[in-house]
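For reference, the structure is listed below as structure tokens.
FYI, the numbering just counts along the sequence from 1. As the structure lists them, so they are numbered: ligands from 1, and atoms in each ligand from 1.
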Amino acid sequence: MYPIDLLPSPFHIFNDALWVMQSLYASRRVSNELHPVPADFDVNLHTNTGFLPPRPLPKLQKPFDVWEDALSQAQKVLKLGEDLPEEHAEERTEGELWRQRIRSLPTLTTETLHQEPQLLRRAHKVLAFLVHFYIHSIPPDTRNGSQSILVPLSLSAPIIAVSRVLRIAPVLTFADTVLWNWDLVDPKQPATIENMRFGQELFSGTEDERNFYLGSARAELIGVQMLHIFNDYHNLPNVTDLSSISKINRLLARLTTVIQEINASVQSMRQIVDPHVFYWEVRPWFNGSGSGSGPSAPVWIYEGVDDTSKLDLSGPSAGQSSVMHALDLFFDIDHKLRQRRYPAPSDANKHADRGFMERMRRYMPGKHRDYLAYIAEYPRPVREVAQNTPAIREAYNTAVTTLKKLRDSHMRIACLYVVTMSRSTNATCGLSDVCDGEENGEGSGQVRTSDWNRRGTSSRYYSRPGEMRLHALF
Ligand code: HEM
């Protein structure tokens, strides 16, 4: 069992009675100071799109349209370099011509975009797709054994510049593939899941890739209800009178339902994304610097950047979804195992990669990271309120337990799509012990060793040998 940060049940009737008395007379009120609203953090509650922008991103105009053109071309001609043996001479040549054109593009300055948030996001997305297309279309045997790949200045300079303004990693992120990767079926209608088309840009061109983005986006959009609930909680005049307590209970019950809906959405991936296509055709495009094909995976050098090793270049992961981080922070889930919590962490979890979720925040747009900091610093943390208020504990514990169930079932999906598929080519898979259990629904939650295989189980999560966890702790 691993820690889920539950609150102990109230034992003494006396305490409960005392609490009721206290609550009747309580007058603890939040300060009347103005506090920020979600819109200040690019969190869109008015359009119910949450961390997604209210409208699709417009395409870039001159002179940046050269990037748009290169991206359209890439989707037509490029294939994974690993899938291009020497016999595929024509496709190899086409790929090399595309990369030559990228190298000969002018190095554009991006100042004119800096005051235009929608265009800046589009620029980040287009450039990030170009970087990943550039790197992963290179056939490995043409690298002459080199351990590094140079990202040309025409891409490296502008992506670094726009990433600085957006305060996001200069690489493909969850924002590029999901939050900013949609348009409207009917542009006159609002941005609802029914009226949104995901996967505006695709690497593999497969419906499975499109559905992978769609499934992740669905979880984000379900998460908007959660953001409203946080807002309602934050706007409570106090957390101690009987009416507020009953409202908090209702809010926690609604949150539990939202988490169950996110779980159902994660499960629905099985119907719409084929594990084999995902593992062999989609996921390799996501690999970042130094991750993918085992210890020999090349590191990326960004031309013109003094020390590329200081950049965050892992690539996208739903671990970068602000919705999931917001849930963790709202409940005060202790990923880093800094607090004494109940039940205590297992020995294996003590050795887990505790910094994963924190690192993933560097891949979010800066304003979303600020929103998370705002949730974390809110003066009336719900865990503390539940700790001091026996009548709320059960609802709190139920919500946290439901979040744990979500992570357990997500673990099973990850095992099916990554571990089982890595076995499908006799690749050595060190995760087998735990995934055998996970696939059978036993769910120990522990990942016991590193997993290096040809298609690259991501190095960012299973990055070092020894015991690690695949999903986060509660
Ligand atoms: C076919 C579907 C999916 C697969 C194969 C998958 C696989 C993975 C893998 C392998 C990781 C480990 C880190 C990494 O390499 O990025 C991960 C992390 C994560 N994924 Fe997924 N995932 C899927 C869908 C989703 C969806 C729809 C969500 C949305 C809720 C989600 C949320 C997360 C989160 C929050 C993490 C960070 C670790 C954690 O909090 O447990 N995943 N996923």
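Using a 4.0 Å cut-off between charged side-chain N and carboxylate O, Glu358 and Arg361 make no salt bridge. For the pair Asp408 and Lys404, the salt-bridge criterion is met [side-chain N within less than 4.0 Å of a carboxylate O].
The option with the heavy atom closest to atom 3 (C) of ligand 1, from among Tyr213, Phe212, Phe286, Phe278, is Phe212.
Ligand 1 has Met357 within reach: a non-hydrogen atom of the residue lies less than 4.0 Å from it. Using 4.0 Å as the threshold, Val273 has no heavy atom nearer than that to any atom of ligand 1.
Side-chain atoms of Asp183 do not come within 3.5 Å of backbone N or O of Pro56 as any donor-acceptor pair.
Close contacts of ligand 1 with Ile413, meaning ligand atoms under 4.0 Å from a residue heavy atom, involve 1 (C), 2 (C), 3 (C), 4 (C). Contact atoms of ligand 1 toward Phe356: 13 (C), 37 (C) (distance under 4.0 Å to a heavy atom of the residue).
Across Asp42, Leu221, Asn44, Leu227, a single residue satisfies side chain to side chain contact (heavy atoms under 4.5 Å, CB included) together with Phe51, and that is Leu227.
Considering backbone and side-chain N/O of Arg283, one or more are found under 3.5 Å from N/O of ligand 1.
Nearest N/O/S atom of His410 with respect to atom 21 (Fe) of ligand 1 is recorded as NE2.
Looking at Arg218 against ligand 1, nothing comes within 4.0 Å, counting heavy atoms.
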Steps toward ring pair (Phe, Tyr, Trp, His ring centres under 6.0 Å) verdict (Tyr417, Tyr279): CA-CA 6 Å; Tyr417 279 74; Tyr279 185 77; 9.9 Å; no
Verdict with supporting geometry, Thr402 and Gln260, side-chain hydrogen bond (donor to acceptor under 3.5 Å, both in side chains): CA-CA 7 Å; Thr402 310; Gln260 282 162 344; 4.8 Å; no
